[in-house]
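Notes follow once the structure below has been shown.
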Amino acid sequence: MYCPECGHHNRESARFCGRCGASLIELTEGEATVSFTPPAEPGADSGVMEAVVEGATLVIRLGGGRAGDQFPVGPSITSIGRAPESDVFLDDVTVSREHAVLEQRQDGIHIVDQGSLNGTYVNRERVEDARLSDGDELQIGKYRLAFIEN
C-alpha cells in the first residue's frame with residue numbers, strides 16, 4: 001500500500017504511513033466529511049465551539065488512537081508521562097510515568113527529559129534539554145506530537 005501523501009510503500013495491513021504518519025485508511029460511505037462556513041461578521045453567534053487553543057499547544061499526531069488530541073502548555077511547567085496526574089497523560093508502557101516536562105524560560109519553552117527509559121526526541125534527535133520552536137515534532141514513547149506556538 002502506497003501513502004497518498006509521500007508515496008512511501010507500507011505493508012498492506014498498515015493504517016498509517018511509516019514515513020510521514022498520514023492515514024492510509026480510505027473513508028467508507030458512512031464516514032463522509034462535513035464542512036461548514038463560519039459566519040461573515042465577527043462576533044456573530046454560530047453555535048460552533050472555538051477549536052483553536054490560545055498559546056503554546058501540544059497536538060498528538062500519531063499514537064494510541066488519539067491523533068488530534070490537544071494539550072495547552074502551561075505558563076510555567078507542564079508534565080508529560082504515563083502517571084494519570086500528568087498534564088499530558090500518555091497511557092502506554094513505552095512512556096515513563098514521569099517522562100518529561102515542558103518549562104517556560106526567558107528564551108522560550110524547553111522540553112526536559114526526566115531520566116526516561118526510552119528517551120525524548122525532538123525532530124528525531126534524542127535530547128535531554130531542548131528549546132522548542134513552532135512545528136517541532138516530539139516523540140515520546142510511541143506517540144508523535146507536534147509543538148504549536150501561537
Side-chain angles (χ1 to χ4, degrees), residues 1-28 31-36 38 46-150:
M1 173 176 293
Y2 290 92
C3 175
E5 298 292 322
C6 70
H8 178 71
H9 183 29
N10 295 279
R11 67 181 195 281
E12 201 60 39
S13 63
R15 297 178 63 172
F16 296 95
C17 177
R19 178 182 292 159
C20 72
S23 177
L24 300 175
I25 302 169
E26 294 182 26
L27 292 176
T28 61
E31 299 176 298
T33 302
V34 178
S35 65
F36 73 96
S46 66
V48 178
M49 291 179 55
E50 184 65 35
V52 177
V53 177
E54 291 297 320
T57 307
L58 282 180
V59 179
I60 296 179
R61 287 188 49 233
L62 183 66
R66 297 177 53 198
D69 282 4
Q70 298 181 13
F71 301 92
V73 175
S76 57
I77 293 180
T78 302
S79 61
I80 303 170
R82 190 169 34 95
E85 60 274 2
S86 297
D87 298 317
V88 180
F89 175 55
L90 302 175
D91 190 19
D92 188 76
V93 296
T94 61
V95 178
S96 296
R97 290 183 64 73
E98 296 174 0
H99 198 99
V101 294
L102 295 173
E103 293 180 355
Q104 179 69 48
R105 297 184 187 165
Q106 291 281 31
D107 64 337
I109 297 175
H110 286 247
I111 188 160
V112 181
D113 187 83
Q114 299 294 291
S116 66
L117 183 62
N118 291 321
T120 300
Y121 295 80
V122 175
N123 299 324
R124 300 179 189 221
E125 289 185 31
R126 190 169 181 157
V127 298
E128 296 297 318
D129 185 326
R131 183 186 179 285
L132 297 177
S133 299
D134 187 42
D136 280 347
E137 179 188 72
L138 306 174
Q139 183 154 358
I140 297 175
K142 72 175 185 181
Y143 291 89
R144 286 192 187 172
L145 304 101
F147 176 74
I148 300 170
E149 197 167 35
N150 292 340

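No experiment lies behind these values; they were computed from the predicted model shown.
- With values rounded to the nearest 0.5 angstrom, Leu132 atom CG is found 12.0 Å from Ile148 atom CD1.
- Residue His110 holds its NE2 atom at 12.5 Å from CD1 of Ile77, rounded to the nearest 0.5 Å.
- For the pair Tyr143 and Leu138, the minimum side-chain heavy-atom distance is 4.5 Å or more.
- The backbone N or O of Gly119 lies less than 3.5 Å from a partner atom in the side chain of His99, making a donor-acceptor pair.
- No donor-acceptor pair closer than 3.5 Å links the side chain of Thr57 to the backbone N or O of Gln70.
- Considering only heavy atoms from C-beta on, Arg97 stays 4.5 Å or farther from Ser116 through its side chain.
- Checking Asp113, Ile80, Val101 one by one against Thr120, the side chain to side chain contact (heavy atoms under 4.5 Å, CB included) holds for a single residue, Asp113.
- The structure places OG of Ser133 at 5.0 Å from CZ of Arg131, a figure rounded to the nearest 0.5 Å.
- For the pair Arg82 (side chain) and Val95 (backbone), a donor-acceptor distance under 3.5 Å is present.
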Carefully, step by step, assess Arg144 and Arg124 under the rule side-chain contact (heavy atoms from CB on, under 4.5 Å).
-> CA-CA 10 Å; Arg144 286 192 187 172; Arg124 300 179 189 221; 3.4 Å; yes
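- Interatomic distance, CD of Glu85 versus OG of Ser79, reported as 7.5 Å (0.5 Å rounding).
- Between Lys142 and Gly64, the closest heavy-atom pair is CE-N, 3.7 Å.
- The number of heavy atoms from other shown groups lying within 6.0 Å of CD (Glu98) does not exceed 12.
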Derivation of the side-chain contact (heavy atoms from CB on, under 4.5 Å) call for Phe147 and Ile109 | CA-CA 10 Å; Phe147 176 74; Ile109 297 175; 3.9 Å; yes
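- Classification of Arg105 and Asp129 as a salt-bridged pair holds, one side-chain N sitting under 4.0 Å from a carboxylate O.
- Asp136 places no side-chain N or O within donor-acceptor distance of the main-chain N or O of Val122, the cut-off being under 3.5 Å.
- With a 4.5 Å cut-off on side-chain heavy atoms, Val88 and Ile60 do not count as touching.
- To the nearest 0.5 angstrom, Arg66 atom CZ is 4.0 Å from Phe71 atom CZ.
- With values rounded to the nearest 0.5 angstrom, Asp69 atom CG is found 11.5 Å from Leu58 atom CG.
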